[in-house]
Protein chains: 2
Amino acid sequence: MPPSAPASRSTATFQRPGHDHRRCIDGALAAAEERCRRRGAKLTELRRRVLELVWQGHEPVGAYALLDALRAEGRAAAPPTVYRALDFLLSHGLIHRLEKANAFIGCPRPDDPHAGQFLMCLECGTVIEMDDAALGAAVAASAAKHGFAVSRQMLEVEGHCPSCARGAAGG
Amino acid sequence: MPPSAPASRSTATFQRPGHDHRRCIDGALAAAEERCRRRGAKLTELRRRVLELVWQGHEPVGAYALLDALRAEGRAAAPPTVYRALDFLLSHGLIHRLEKANAFIGCPRPDDPHAGQFLMCLECGTVIEMDDAALGAAVAASAAKHGFAVSRQMLEVEGHCPSCARGAAGG
DNA sequence: TCATCAAATGTTATGATATAACGTTTTCAA
DNA sequence: TTGAAAACGTTATATCATAACATTTGATGA
Ligand SMILES: [Zn+2]
Ligand SMILES: [Zn+2]
Ligand SMILES: [Zn+2]
Ligand SMILES: [Zn+2]
């Protein structure tokens, strides 16, 4: 099969409401298949379906919303069903957990090494992931001033996305 | 009364296990009294006690741990008791909520405007708050590249503090 | 003083998120 | 084909947080 050239996979920019989200989903699923194949990890039907559900939009999705969606499809599902799938996806970098929201969002660039840096719009709920290596380095440098060795960093920024900022200046 | 010169109140640096933590507590309580007085907010006995309990160390404290502590003192207390006190302390900038830990920690510098920037040691649990204005500005600048207007930022960095890094290099 | 109102706190119940523990099915290779 | 590991099903429970309403407290003004 052709490598399905993911030339313009979701860039870390705010998507317009009218964008072709099917491409986001298909790109994420293809990237996940590929990544799991390379890592010898099993992207089972259930895990794949949960990933697809997480990608239902660019807003974070809660575990129990996923649970409801699975049940609506007629699957036998309980909290561990979805949490185990989420743990798998997290462990392979396919999704991220947004701590403030207690919810999950698909990672648009699982293969690029990156810190978690998220912009969350208070108005429309859209979340995008920045991948600003310089910013990650700045965080590590600040931490180093305190003699702190960084293992993981999580940045969650609340505010207004370009579309919503137009209407509500000053937030 | 003398202004009790808080000359060397908790700097944003890792405290040694042997530091005089009573000074951290007393300084935080005095700063809270002063801040509430200026703002016309009532730091009641309960709220003051909860703040003191949050300051029991430099580790984040969960709401139910506070609840247990209040009950151990013979107070009538239920979850709303402690959550309401925490909401008050949060709203006046006297404590911060650590999203990843679902727990709370005292703010060593409530009067300085600052973004939430926390270093959390995976080994000993100690958390310190950086107040790196340049880093906050760097975050805002990165967000601005995406047309995003920042309202609030929360940075939670996991790793190893100086004391613990010595033992577990590379951790 | 005492009526009155708002803020603070007490009390009960429930919602929302997450995991422990154990049994069954599937997978895969020896 | 059979044994072990992984994945999944199932039940129960732990953990974090808030809704709703009653009671107490403390300030204000008649
Ligand atoms: Zn999309
Ligand atoms: Zn990512
Ligand atoms: Zn201290
Ligand atoms: Zn602070």
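Here is how names work: the chains are called A, B, and so on, in the same order as the sequence lines, proteins then strands, and each is numbered from 1.
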The helix from C:dT1-D:dA30 to C:dA30-D:dT1: angle between end helix axes, five pairs per end, rounded to 10 degrees: 10°
With no hydrogens and no angle check, is any side-chain donor or acceptor of B:Q153 less than 3.5 Å from a backbone partner on B:G136? yes
Sort me out a list of protein N/O and nucleotides 21-24 of chain D N/O pairs below 3.5 Å, or just none if empty.
none

Can you sort out the partners of A:R48 under side-chain hydrogen bond (donor to acceptor under 3.5 Å, both in side chains), two or more places apart, ordered by chain and number? A:E33
side-chain hydrogen bond (donor to acceptor under 3.5 Å, both in side chains) contacts touching residues 59-72 of chain B (sequence neighbours left out): none
Could you list the protein-to-nucleotides 14-18 of chain D atom pairs, N/O on both sides, closer than 3.5 Å?
unit_1 : atom_1 : unit_2 : atom_2 : d
D:dA17 : OP1    : B:R97  : NH1    : 2.4
D:dA17 : OP1    : B:R97  : NH2    : 2.5
D:dA17 : OP2    : B:Y83  : OH     : 2.9
D:dA17 : O5'    : B:Y83  : OH     : 3.3
D:dA17 : N7     : B:Y64  : OH     : 2.5
D:dA17 : N6     : B:Y64  : OH     : 3.3

Whole Å only: how far is the CG atom of B:L46 from the C1' atom of D:dT25? 13 Å
Residue list, side-chain hydrogen bond (donor to acceptor under 3.5 Å, both in side chains) with B:D26, at least two apart or on another chain: B:R22
For B:R35, enumerate each residue passing the side-chain hydrogen bond (donor to acceptor under 3.5 Å, both in side chains) test, keeping only those at least two apart in sequence or located in another chain. B:D111
Can you sort out the partners of A:E34 under side-chain hydrogen bond (donor to acceptor under 3.5 Å, both in side chains), two or more places apart, ordered by chain and number? A:R37, A:R38
Residue whose closest nucleotide on DNA chain C lies nearer the 5' end, B:A76 versus B:R47: B:R47
Does anyone know the first and last nucleotide of DNA chain C in reach of chain B, 5' to 3', at under 4.0 angstrom to a heavy atom? C:dA8 to C:dT12
Determine the minimum heavy-atom distance between A:S151 and B:H160, stating which atoms define it. OG-ND1, 4.1 Å
Nearest whole Å is fine: how far is D:dA7 P from A:R75 CZ? 16 Å
Hits for salt bridge (Lys or Arg N to Asp or Glu O under 4.0 Å) against A:R97, two or more places apart or cross-chain, chain-then-number order -> A:E99
Check: residues 113-120 of chain A side-chain donor-acceptor pairs under 3.5 Å, at least two apart:
unit_1 : atom_1 : unit_2 : atom_2 : d
A:H114 : ND1    : A:D112 : O      : 2.4
A:H114 : NE2    : A:H96  : NE2    : 3.2
A:H114 : NE2    : A:E129 : OE2    : 3.0
A:Q117 : OE1    : A:D132 : N      : 2.9
A:Q117 : NE2    : A:D132 : O      : 3.2

Report the distance from atom CG of A:L155 to atom CG of B:L155, rounding to the nearest 0.5 Å. 5.5 Å
Students often mix this up, so state it plainly: with edges at 30° and 60°, are the rings of A:H92 and A:F88 parallel, tilted or perpendicular? tilted
Does D:dC8 have its OP1 or OP2 closer than 4.0 Å to a side-chain nitrogen or oxygen of A:T44? yes
Listed once per pair and sorted, the salt bridge (Lys or Arg N to Asp or Glu O under 4.0 Å) pairs that draw on residues 150-160 of chain A, sequence neighbours left out: A:K100-A:E158
Plane angle bin for B:H21 and B:H58 - parallel if under 30°, tilted between 30 and 60°, otherwise perpendicular: perpendicular
